[in-house]
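Inspection log for the structure reproduced underneath, given as structure tokens.
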Amino acid sequence: MEKTYRPLDIEQRHYANWEASGYFAPSGDGEPFCIVIPPPNVTGTLHMGHAFQDTIMDALTRFHRMNGRRALWQPGMDHAGIATQMVVERQLNAEGLSRTDLGREEFVRRVWQWKQESGGQIAQQLRRMGASVDWSRDRFTMDDDLTAAVTRVFVDLYDEGLIYRGKRLVNWDPVLHTALSDLEVLQEDEAGHLWHFRYPLADGDGHLAVATTRPETMLGDSAVAVHPDDTRYTHLVGREIDLPLVGRRIPVIADEYVDPEFGTGCVKITPAHDFNDYDVGLRHDLPLYNILDDNAAISDAAPTPYRGLDRYVARDRVVADLDAQGLLEKTEDYTRKVPRGDRSGAVVEPYLTNQWYVKIGPLAKPAIEAVETGRIRFVPENWSKTYFDWMHKIQDWCISRQLWWGHRIPAWYDGSGNIYVAESEAAARAKYELADDVALIRDEDVLDTWFSSALWPFSTMGWPEQTESLKTFYPGTVLVTGFDIIFFWVARMIMMGLKFAGDVPFREVYIHGLIRDQDGQKMSKSKGNVLDPLDLIDGVSLDTLLEKRTRGLMQTHLKPAIEAATRKQFPNGIEEYGADALRFTFAALATTGRDIRFDLGRIEGYKNFCNKLWNAARYVHMNTVNMDDADAEFGAADRWIRSRLAKTIADVHGHFATYRLDLAAQAIYDFTWHEFCDWYLELSKPVLQSDEALAADKQGARRTLVDVLEALLRLLHPIMPFITEEIWQQTRRHAGIAGETIMLRPFPQSADFGADEDAEADIGWVQQFILGIRQIRGEMDISPGRALPVLLQGASAADRQRADRHATLLARVGRVESVRHLADDEQAPPAATALLGDLRLLVPMQGLIDVAAERTRLGRQRDRLQADLGKARGKLANDRFVNNAPPDVVTQERERVAEFERRLGQLAEQLEKLDSLEQTTTLQADNS
RNA sequence: GGGCGAUUAGCUCAGGGGUAGAGCGCCACGUUGACAUCGUGGAGGUCGGUGGUUCGAAACCACCAUCGCCCACCA
């Protein structure tokens, strides 16, 4: 092995081998385990959120696979209707073409071509992350069989009356020219105005005032509403208004919807362009005036002067015209919510169109129950509340989109506008017994991308065929996803799964947090703070990083600031950390449900951890060449590390079971670094490097080194697959283990290594001994290389035994030159002191130790002890504590006080000696 | 307007009714044949504030502050 760990040399080699060997496919006959990947957009590239999520899913999959489960991580991609169509349309625009120039068929062909050539980069990036997805089952939401599943679901829902077509207000994106669902519309605060207009009463008896943020919509007003209990306006209800600019007579109506406290208490009602007004219109049977067209320009339904004007031009014109007529009362500054399409960013209009809807109530009810009854569990459980909140007030889902890329709606119309829904035109003719000469035209619309995503857990398994996969891997075990798509995706999968696959789609939903930058900001292209996971794996130069962060920037004025910030944070670019360090970082930060600030310090530290492991392995391998089957005797240190490993393994199992990858990572890290490397490796050296040590003892140490390392690699494999495989390929030979890959070896079990309390106590004593000596050495500035003589005072029989038994360890690891027991009546020489229970470790001072420094050191210890003692005594002096606290707590407190007192006594004695010593020294100095 | 979350060492974060933790950073010393991507020792926190429950609160409860997120039709 090389002296230092170099990730890039090894990672890609192993992945290629795993994939080629078919290791990712489910195998064996264990209990099935299944995770479906949240299908990334075909247009997408891997970002930090993916990398984080994929790390979690891969760690879980590898863990369960190693535990004997028939594990499937189902990969695939989403056709991403709007996003993909936008990408290809942009390309066309660059060629001076539009999609209408091409026509639908040719355009769709172009999209497929784009997908073949440049779609799905993310699949390669997933490989770099080490994702053990079963590529042989890769699926795309537009594949023929998945499309068939979509069509089938649509037809079944339609036949059952759960899909309907209706004309009502939808969120209309005037740039993309499509309807959007409520979820795809983001409400954003924007500065605007509130205009107060006077509307003259038709009988010439004055006017009333209305306030609006959208003056142009007054062209479509059907009424003015007041609150029924608003006595200011009771006399106006039932009278009419002369609508200015339009010349229409509209009524004044009373409706509970109006808030008398707001504005003037009079609301203009525009049923065709506002969701609330639409409802008011329905209640009062008001006419709808659709004054906009598909581009959100003023339509022919409005008076001639405004026709064809953009909505914002029309707004200015309306305000000016009303002002000219003296009808503008006042203009206030006002912040309002502006709805924008989440893809286009365009301001969305409530717009009257024909669309397809899913009647959601009957689907939502069982989906709510599934979570209420615990058939599906959210982790952390808190998120079920978010789920319920949304599900209880869920609205019908608008599923039609006026796009070309997507699953085309399986509905046909005849000349009279009758609708026929079936799997195909032929099926429709058969189903509805239509004559061949009836001309049918297919609906132009496609389905919301999320419609097919909702079927993902069973469509990928071959549904509606009752395939072996479906039977085995549905329901899935756990879904791993971000809270941002609980509504978009999780809820809809639950509804569709229950409806069509006969069961919940997964048993648990693990919700993880968002990856943010070091300042807690969301990573986004426009902020220029994006980190590319591949750059963390491979490293990147500053120049490349600057280029990536500023390329294609919309707001070019931010470029200098982004460059400056990037130069400041990454003056030398980003070094190469490797996929394992990145994965370990994600795992260590994966506390459930909480957002994560990505900290480069952490990944740096975990790369060092890789190096630590690497070098520990080098040491183990170095000492275990040509292992034979000679008899082995396990010494205390061997039994100790085995016991510690058993404990760690048990902890890791527990942490995986509760999805606490952070705690699992922490437990492994601590064991590896602070127990195996810091202690066991050091403790093994005296045995292995000694000429006197018995062959069986040496064999015991060798056996332990290689056994523990080998198990540790398996323990770590789910989080760090590459480095563990690389090392394991050597370790297995030393350990005499068969098997071609660590991936398919069993996950360690606690019982493989027994707990050993005696060994833990024994080595615990050795550690305390050595730590005591080290502390003296460190604080007294004694060279680490210098071996120290140690005197033991007040040793019990057990202390004597241990000191003898572990003399070699103390000598070598503690750098102790000699250990001598002071006789009971023997006067201790001046010495630096460490306490180990009743035992005192004395390091004679002669020529070694500065008396004043030792006194300061002991004084500090004494102060600390006294503070603790004071607190403990205070508690015991409190009757209410003694009477009310649990007896064991009181006992424990008494023991602490005794312990503090004993140690304080020892320290006081030592300090006294130092005092007298110093006096002597001073005396001598005076005399000379 | 509702709801949720966060606030612990300089930074990033665990923890959790009785003794405050890790990594990074900091200080000192150190080339002991696994590792300087390291070793050894050390410094550093009245756990956001106030009140309550309790023998005991950093932890539980209430309120407040600050920050963040989600949902919602006030023109």
- prompt: Say you pick atom C1' in B:A59 and the same atom in B:A20; how far apart are they, in whole Å?
  reply: 12 Å
Test: A:Glu188 and A:Arg336 ion pair at under 4.0 Å: no
task: Tell me which nucleotide among B:G18, B:U12, B:A75 gets nearest to the side chain of A:Val889.
output: B:G18
- prompt: How many angstroms lie between OG1 in A:Thr833 and CD in A:Gln861, if you round to the nearest 0.5 Å?
  reply: 9.0 Å
field: Length of the line joining A:Leu876:CG and B:G56:P, which is rounded to integer Å
entry: 15 Å
- request: Round to a whole Å and report the spacing from CD of A:Gln521 to C1' of B:U12.
  value: 16 Å
message: Can you measure A:Glu779 atom CD to B:C27 atom P for me and round it to whole angstrom units?
response: 18 Å
query: Taking the P atom of each, how far is B:C26 from B:C11, in whole Å?
result: 15 Å
message: With rounding to the nearest 0.5 angstrom, report the CZ to CD distance, A:Arg873 to A:Glu901.
response: 4.5 Å
message: Between B:G23 and B:U66, how far apart are the two P atoms, rounded to whole Å?
response: 35 Å
query: B:G68, B:G15, B:C74: which one has an atom nearest the side-chain heavy atoms of A:Arg516?
result: B:G68
message: Among B:C4, B:C55, B:G18, which nucleotide has an atom closest to any side-chain atom of A:Lys385?
response: B:C4
field: Atom pair distance, as rounded to whole Å: CZ in A:Phe487 and C1' in B:C4
entry: 11 Å
- request: Give A:Lys337 one of three labels, base, sugar-phosphate or nothing, depending on what nucleic acid heavy atoms sit under 4.0 Å from its own.
  value: base
Rounded distance in Å - CD1 (A:Ile596) to P (B:C69): 17 Å
query: Quantified in whole Å, what is the C1' atom distance between nucleotide B:U54 and nucleotide B:C67?
result: 31 Å
- prompt: Cation-pi between A:Arg774 and A:Trp679: NZ/CZ under 6.0 Å from ring centre and within 45° of the ring axis?
  reply: yes
query: Out of B:G5, B:C69, B:A75, which has the shortest distance to the side chain of A:Asn382?
result: B:G5
statement: B/S/- along nucleotides 29-37 of chain B (protein heavy atoms under 4.0 Å) is ---B-BBSB
- request: Can you tell me the distance, in whole Å, between the CD1 atom of A:Ile515 and the C1' atom of B:U12?
  value: 13 Å
task: State whether A:Arg283 and A:Asp255 are salt-bridged, where the test is any N-O pair (Lys NZ or Arg NE/NH1/NH2 against Asp/Glu carboxylate O) under 4.0 Å.
output: yes
query: Does NZ or CZ of A:Lys685 fall inside the cone over A:Tyr619's six-membered ring, less than 6.0 Å from its centre and within 45° of the axis?
result: yes
A:Ala491: side chain to side chain contact (heavy atoms under 4.5 Å, CB included) partners, not counting sequence neighbours: A:Tyr387, A:Trp390, A:Met391
- request: With P as the reference atom in both, quote the distance from B:C47 to B:U19 in angstrom, rounded to an integer.
  value: 13 Å
field: Watson-Crick or G-U pairs under 3.5 Å in RNA chain B, rendered as dot-bracket with [ ] for crossing pairs and | for another strand
entry: (((((((..((((....[..)))).(((((.......))))).....(((((..]....))))))))))))....
